[in-house]
Amino acid sequence: MSIIPLYLVSKQINYLMYDDKKEELVAQYATGRTESFRPFSPQHYQALLQSDNPYDEFVKMTHERNKVNTPS
């Protein structure tokens with residue numbers, strides 16, 4: 001198992017941790033809360049690593065993931 005930490009400059013998030021075997025991204029928040037995002041592809045994690053602003057990229061990715069389609 002390969003777990004790769006990503007430290008963000010953020011007051012809200014302590015760190016992100018990616019498990020490439022489970023394709024899971026875990027966020028550890030400053031409040032102590034932990035949240036998992038699955039599936040989270042290696043391509044998405046690479047985009048976080050290569051981003052000029054990984055915090056904004058993380059928020060964008062998780063916001064899109066949590067969108068709920070509502071009937072019109």
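This structure is a prediction, so every number in the text was calculated from the model and none was measured.
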Which pair of heavy atoms, one from [X] and one from [Y], lies closest together, and at what distance?
| X | Y | result |
| --- | --- | --- |
| Thr62 | Val59 | OG1-O, 3.2 Å |
| Glu23 | Ser41 | OE1-CA, 4.2 Å |
| Tyr18 | Pro42 | OH-N, 3.1 Å |
| Ala47 | Glu57 | O-CG, 4.4 Å |

Side chain to side chain contact (heavy atoms under 4.5 Å, CB included) evaluation trace for Phe40 with Leu48: CA-CA 11 Å; Phe40 201 88; Leu48 282 176; 4.0 Å; yes

Find the distance between [atom1] ([X]) and [atom2] ([Y]) and round it off to the nearest 0.5 Å.
| X | Y | atom1 | atom2 | result |
| --- | --- | --- | --- | --- |
| Glu35 | Ile13 | CD | CD1 | 9.5 Å |
| His44 | Leu25 | NE2 | CG | 11.0 Å |
| Arg38 | Lys22 | CZ | NZ | 6.5 Å |
| Lys60 | Ser51 | NZ | OG | 8.5 Å |
| Asp20 | Tyr45 | CG | OH | 10.0 Å |

Close side-chain approach of Val26 and Thr34, heavy atoms under 4.5 Å: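 A side-chain contact exists here, since the closest heavy-atom pair is under 4.5 Å.
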
